[in-house]
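Right, one structure below, let's go through it.
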Protein chains: 2
Amino acid sequence: MPSKPAPPITMDAVYAAPGYLFRRMQQIAVSIFMEECKAFDLTPVQYAALVAIHTHPGIDATRLSAVIAFDRSTLGSVIERLQAKDYIERKPATEDKRIKLLYLTRQGAGILKDIIPAVERAQARMLEPLKPADRKTLMTLLVQLVDLNNEASRVPLRAEDALEHLGKAG
Amino acid sequence: MPSKPAPPITMDAVYAAPGYLFRRMQQIAVSIFMEECKAFDLTPVQYAALVAIHTHPGIDATRLSAVIAFDRSTLGSVIERLQAKDYIERKPATEDKRIKLLYLTRQGAGILKDIIPAVERAQARMLEPLKPADRKTLMTLLVQLVDLNNEASRVPLRAEDALEHLGKAG
DNA sequence: CCTAGATTGGCAGTATACTGTCAATCTACA
DNA sequence: TGTAGATTGACAGTATACTGCCAATCTAGG
């Protein structure tokens, strides 16, 4: 019995692969974000970190990484850069000498407030080529897929972790 | 007339933003790819480059970047690593001393053939949590969106560029 | 022919991402 | 109480990505 013939190797197979499309779309999304926000000198990651610190003042780096689902190693340099720009400050925790608590500075809170319209323009532009109904469908499916694949990523999203520093048990 | 009140800044707004979802999904996709393909020591980018060189033997680095829509600067180091693993070789072109032509080695062709089942498992796993009909819907919308946003990325996909080295005019 | 502009590949610099390791520190259990 | 194991932040090493610059080279126009 002859074995199945191997399918031909084509670029079209690459172009249609989910992984390739996710990569391309992410690159396009970053490109649009940077274009709309170039006046603010903030990257998408730095923006997400600022929002999380704004929402959870006094969070530490490890929990921050869980809240935005970014790698903890990467986050170290992100925090350094935000600190160098005077958008955040780090204060050692009194009860636990390992932990450094993160807070927005006045400038950080200011730039966060100012950049929001540009961020919203960027997010809208990413989906603009689709019809409104299709935008909604795509976002709904993507939210589902990211959520159902949460554990597949090295840094699963743990939104509730952010509350632990307020004394709630894990 | 009072101005509209600023909307509150929440993490939920970040979690629902297209850019955030594209980033998360890309990270998950890379994670799944690396897991399925860990026996082969090939990254997603390296895999795409191998396929493109297989499909277009004798392509140069600049056209390769257009065919897979990856940044040319980045591609330099990708090519170096593939060359260090003896999967590709570079030959200077005789007519144009600037150009170095890319070819798969015997090992490169071999690993490409061997890795395909693992790549297909990875691609399937990325979408597995969705119902089959939803997978199709998502892929259709994503192909559309990437195509319609093609010019928004720094390196737009130019699939037809790959044919130019065969003598066809651009 | 000869030069202005384009192309090619290489490099430096910055910013994510991830793996793995480490010391300092804390916690919980024996 | 003492210590094994967990946690936190830091670091080294690798691999994308992108911006901008550069020298070598090619091409087209005058």
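Labels below follow one simple rule: chain letters A, B, ... track the order of the sequence lines, proteins then strands, and each chain is numbered from 1. Bear in mind the structure is a predicted one, so any value in this text is a computation, not a measurement.
- Separating the CZ atom of A:Phe33 from the P atom of C:dT16 is a distance of 10 Å, rounded to the nearest angstrom.
- With hydrogens and angles ignored, no donor-acceptor pair under 3.5 angstrom links the side chain of A:Ser77 to the base of C:dT16.
- B:Arg90 places its CZ atom 7 Å from the P atom of C:dG9, with the value rounded to the nearest Å.
- Contact annotation: B:Arg63 side-chain N/O to C:dT8 OP1/OP2 distance is under 4.0 Å.
- Rounded to a whole Å, the OH atom of A:Tyr47 is 15 Å from the P atom of C:dT16.
- Sequence order on DNA chain C of the closest nucleotides to B:Ile99 and B:Val30 puts B:Ile99 first from the 5' end.
- In the model, A:Asn150 has a side-chain atom that pairs as donor or acceptor with a side-chain atom of B:Arg24 under 3.5 Å.
- Here B:Tyr15 and B:Tyr20 bring their ring centres to under 6.0 angstrom of each other.
- If B:Ala69 and A:Lys100 are placed on DNA chain D by their nearest nucleotide, the residue sitting closer to the 5' end is A:Lys100.
- Listed candidates were D:dC26, D:dT19, C:dA24. Nearest to the side chain of A:Arg98 is C:dA24.
- Mapping A:Gln27 and A:Glu80 onto DNA chain D by nearest heavy atom places A:Glu80 at the nucleotide closer to the 5' end.
- In this entry the distance linking CD1 of B:Ile59 with C1' of C:dT8 reads 14 Å, nearest Å.
- The side chain of B:Gln46 sits closest to D:dT16 out of C:dA15, D:dT16, C:dG9.
- Ranked by how close their nearest DNA chain C nucleotide is to the 5' end, A:Lys97 and A:Thr74 are led by A:Thr74.
- Atom-to-atom, CD of B:Glu95 to C1' of C:dT7 comes out at 14 Å; the value is rounded to the nearest Å.
- Here the C1' atom of nucleotide D:dG9 and the CG atom of A:Asp71 are 13 Å apart, to the nearest Å.
- Contact annotation: B:Thr62 reaches the phosphate of C:dG9 (side-chain N/O to OP1 or OP2, under 4.0 Å).
- Of the candidate nucleotides C:dG9, C:dT19, D:dG9, D:dG9 has the atom nearest to the side chain of A:Ala61.
- At whole-Å resolution of the value, NZ in A:Lys91 and P in D:dT8 are 20 Å apart.
- Applying the 4.0 Å criterion to OP1 and OP2 of C:dT16, one finds that A:Arg81 has a side-chain N or O inside that range.
- Contact check on A:Arg125 versus A:Glu35 returns a salt bridge, with a Lys/Arg side-chain nitrogen under 4.0 Å from an Asp/Glu carboxylate oxygen.
- When only modelled atom types and interatomic distance are considered, A:Gln107 and A:Lys85 share no side-chain donor-acceptor pair under 3.5 Å.
- Of the side-chain N and O atoms in A:Thr43, one or more sit less than 4.0 angstrom from OP1 or OP2 of C:dT16.
- Looking only at distances, no side-chain donor or acceptor of B:Thr55 sits under 3.5 Å from a matching main-chain atom of A:Thr10.
- Distance B:Gln26 CD to D:dA15 C1': 12 Å, rounded to the nearest Å.
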